[in-house]
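I have placed the structure first, in the form of structure tokens, so that the comments after it can refer back to it.
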Amino acid sequence: MNSNELIESFGEFARSKNIDRPTMMSILDEVFRTMIRKKFEEDSNFDVIINPDNGDLEIWRNREIVDDNSEDIWDFDKIPLAEAQKIEPDFEVGETLPVSIKLEDFGRRAVLMARQTLIQRVKDLERDNLYQKYKDQVGEIVTGEVYQVWSREALIMDKDDNELVMPKGEQIPKDRFRKGDTVRAVVHRVEVINGTPKIILSRAAPAFLERLFELEVPEIYDGLITIKNVVREPGERAKVAVESYDERIDPVGACVGMKGSRIHPVVRELENENIDIINYTDNLELYIARALSPAKVGSMKINPENGRVSVFMKPDQVSLAIGRGGANIKLASRLVGMEIDVFREAIDYEEDISLEEFSDEIEPWIIAELKKIGLDTGRAVLAVKKDDIVRRTELEEETVDDLYRVIRQEFADDDDLDERQAAAQKAAPVAEAAEAVTEEAAPAPTSEEAGAGSAAEAAQ
């Protein structure tokens with residue numbers, strides 16, 4: 001390989017990697033000077049002239065002519081007069097003798113090694129540029145094209161053909177990517193593995209929802225409204241606490257927009273994730289009540305020492321507070337930073353029995369399933385229709401029939417049981433309808449009622 005081929009091939013490769021001309025010239029100069037040092041030990045008296053546009057390379061060795069009897073004739077930058085006059089008889093002591101060094105003079109192995117070194121230097125520079133670029137973009141939204149989808153992750157290419165990775169755990173469960181799809185995600189973190197940067201994207205991180213609101217709500221982008229906290233169950237439900245620094249601006253209404261015009265694009269991007277917008281307040285009790293929306297809280301006891309809150313509410317509100325699979329209460333706990341325990345107000349159920357007391361006749365996993373939907377006492381179970389329990393839990397109809405039988409036997413001496421159970425079950429459709437609205441459309445109270453908003457409510 002001659003110098004022209006080497007320079008031209010490297011120039012094309014560097015330009016394909018978007019390496020600028022000054023950087024390319026610096027890399028070429030450094031590699032050739034490394035070759036010179038390996039062969040001649042010193043490179044200070046060498047001139048390297050490179051023109052990457054047409055592939056020209058010139059290497060000149062400059063040595064000072066000294067007298068044949070001088071003590072300096074063995075220096076790397078000196079040449080005896082007799083040796084210099086073999087090249088040109090007119091040379092005299094004190095003049096400088098420039099000698100052209102051809103690339104072929106270094107040997108074929110050195111040239112091939114130089115080529116590999118040039119390519120490796122460009123790749124190292126490319127990796128460093130990629131790391132520096134995305135290290136400063138952590139938490140920001142990027143757009144890319146799906147290049148490949150595997151079982152554990154998806155490979156995304158950005159506009160510069162850099163490879164970005166989105167693991168399965170950072171995707172929304174409802175995401176279904178195909179090659180060529182355009183996808184938006186947030187830069188979650190940047191890792192360096194064996195010297196190679198790995199850019200990890202996420203659509204499940206709270207930061208993704210936060211950035212989407214910044215794009216859709218000008219007041220958030222301008223700093224008039226601040227997002228205090230975001231918690232998510234990706235693809236299912238999210239709660240966002242917002243606060244306005246301008247008392248003339250309703251933060252909840254601004255985030256929802258006229259008829260949901262602002263929140264709808266966010267909901268669609270998140271695969272119809274239900275979003276509750278909550279008005280942040282320093283009043284902890286009010287903040288907790290808003291966090292539990294759409295359920296209405298009766299009273300609460302806050303224990304700041306152990307970080308727990310006991311919330312008491314009407315029986316028909318418990319299932320709303322807990323939500324499907326306990327999602328609502330888990331998100332509310334994470335939003336306020338305290339563990340929330342929900343209890344029924346014992347108004348009409350003074351003589352009730354906890355389900356734990358039935359543990360000798362009812363299996364623990366069945367009791368756990370009932371507690372997930374807010375049924376923690378015997379009368380609470382009897383107050384709910386069998387079809388409703390089957391729909392909201394993983395219990396079979398026969399299992400529910402056995403439940404009723406065991407609990408009824410315990411209350412057999414209560415003459416008013418049947419009458420009270422019938423009255424409670426008449427109200428069950430109301431609670432069931434309320435829960436259905438919550439689980440399917442996730443409506444939230446207005447900002448006047450509980451300081452919360454949702455996409456479904458805005459649509460209505």
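FYI, side chains are in, hydrogens and waters are out, and symmetry mates aren't considered; it's all heavy atoms of this structure.
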Practice problem: Kindly indicate whether the side chain of Leu57, heavy atoms from C-beta on, has any atom under 4.5 Å from the side chain of Val48. | Solution: yes
Quiz prompt | Basic-acidic side-chain contact under 4.0 Å: Lys133, Asp160 | solution = yes
Quiz prompt | Any donor-acceptor pair under 3.5 Å from Arg232 side chain to Ala204 backbone | solution = yes
Quiz prompt | Donor-acceptor pair, side chain of Asp68 and main chain of Pro80, under 3.5 angstrom | solution = no
Quiz prompt | Minimum side-chain heavy-atom gap Val183-Asp175 below 4.5 Å | solution = no
Quiz item: Donor-acceptor pair, Glu394 side chain versus Glu369 backbone, under 3.5 Å?
Solution: no
Self-check item: Minimum heavy-atom distance Ser202-Ala185, with the two atoms named
Solution: O-CB, 3.5 Å
Exercise. Decide yes or no for Arg211 and Glu140: does some side-chain heavy atom of the first lie under 4.5 Å from some side-chain heavy atom of the second?
Key: yes
Exercise. Supply the atom-to-atom distance Asp276 CG to Leu331 CG, rounded to the nearest 0.5 angstrom.
Key: 8.5 Å
Quiz item: Side chains of Thr34 and Arg37: closer than 4.5 Å at any heavy-atom pair?
Solution: yes
Quiz item: Would you say the side-chain atoms of Ser333 pair up with the backbone N or O of Ile340, donor to acceptor, closer than 3.5 Å?
Solution: yes
Quiz item: With a cut-off of 6.0 Å (strictly less than), are more than 12 heavy atoms of other residues, nucleotides or ligands near CE of Met113?
Solution: no
Quiz item: What residue among Phe32, Phe40, Trp60 forms ring pair (Phe, Tyr, Trp, His ring centres under 6.0 Å) with Phe46?
Solution: Phe40
Exercise. Please report the closest heavy-atom contact between Pro173 and Pro234, naming both atoms and the distance.
Key: CD-O, 3.4 Å
Exercise. Report the residues that fulfil side chain to side chain donor-acceptor pair (under 3.5 Å) with Asn45, sequence neighbours left out, ordered by chain and then residue number.
Key: none
Practice problem: Considering non-hydrogen atoms only, spot the tightest contact between Phe213 and Ile277 and give its length. | Solution: CZ-CD1, 3.6 Å
Self-check item: For Tyr134 against Ile199, the heavy-atom pair lying closest together
Solution: CB-CD1, 3.7 Å
Practice problem: Using modelled atom types only, decide if a donor and an acceptor are shared between the side chain of Arg262 and the backbone of Ala254 within a distance under 3.5 Å. | Solution: yes
Quiz item: Going through the checks in order, is the salt bridge (charged side-chain N to carboxylate O under 4.0 Å, His left out) test met by Asp124 and Arg121?
Solution: CA-CA 5 Å; Asp124 291 343; Arg121 285 298 307 276; 5.3 Å; no
Self-check item: Inter-residue atom distance Asp181.CG - Lys179.NZ, 0.5 Å rounding
Solution: 12.0 Å
Quiz item: Is it the case that more than 12 heavy atoms not belonging to Glu88 sit under 6.0 Å from its CD atom?
Solution: yes
Exercise. Determine whether the side chains of Asp136 and Gln132 contain a donor N or O and an acceptor N or O closer than 3.5 Å.
Key: no
Quiz prompt | Arg176 and Glu271: CA distance, side-chain angles, deciding distance, salt bridge (charged side-chain N to carboxylate O under 4.0 Å, His left out) verdict | solution = CA-CA 10 Å; Arg176 297 293 182 270; Glu271 302 292 347; over 6 Å; no
Quiz item: Is there side-chain contact between Leu370 and Ile389, with heavy atoms separated by less than 4.5 Å?
Solution: yes
Quiz prompt | Any donor-acceptor N/O pair, Asp67 side chain to Asn69 backbone, under 3.5 Å | solution = yes
Quiz item: Just by modelled atom types, is the Glu285 backbone N or O under 3.5 Å from a matching donor or acceptor in the Asn283 side chain?
Solution: yes
Self-check item: Heavy-atom check, side chain of Val318 versus side chain of Phe343, under 4.5 Å
Solution: no
Exercise. Answer yes or no: is there a donor N or O on one side and an acceptor on the other, between the side chain of Glu153 and the main chain of Val165, under 3.5 Å?
Key: no
Quiz item: Hey, are the side chains of Ile263 and Glu216 touching, using non-hydrogen atoms and a 4.5 Å cut-off?
Solution: no
Quiz item: Rounded to the nearest 0.5 Å, how far apart are CD of Glu163 and CG of Asp158?
Solution: 10.0 Å
Quiz item: Quick one: CD on Glu233 to CG on Asn328, what's the gap to the nearest 0.5 Å?
Solution: 10.5 Å
Quiz item: Roughly how far, to the nearest 0.5 Å, is the OG1 atom of Thr393 from the CD atom of Glu396?
Solution: 9.0 Å
Quiz item: Nearest heavy-atom pair of Gln85 and Phe91: which atoms, and what distance?
Solution: NE2-O, 3.3 Å
Practice problem: Answer yes or no: does atom NZ of Lys174 have more than 12 heavy-atom neighbours from other residues, nucleotides or ligands under 6.0 Å? | Solution: yes
Quiz item: Do Lys239 and Asn229 have side-chain N/O donor and acceptor atoms under 3.5 Å apart?
Solution: no
Quiz item: Considering the options Glu170, Glu269, Glu273, which one meets the salt bridge (Lys or Arg N to Asp or Glu O under 4.0 Å) requirement together with Arg203?
Solution: Glu269
Exercise. Identify the two heavy atoms, one from Ile225 and one from Pro251, that lie closest to each other, and give their separation to 0.1 Å.
Key: CD1-CA, 3.8 Å
Practice problem: Using a 4.5 Å cut-off on heavy atoms from C-beta on, say whether the side chain of Glu42 contacts that of Asp77. | Solution: no
Practice problem: Report the distance from atom CD1 of Ile79 to atom CZ of Arg61, rounding to the nearest 0.5 Å. | Solution: 8.0 Å
Self-check item: Any donor-acceptor pair under 3.5 Å from Asp75 side chain to Lys78 backbone
Solution: no
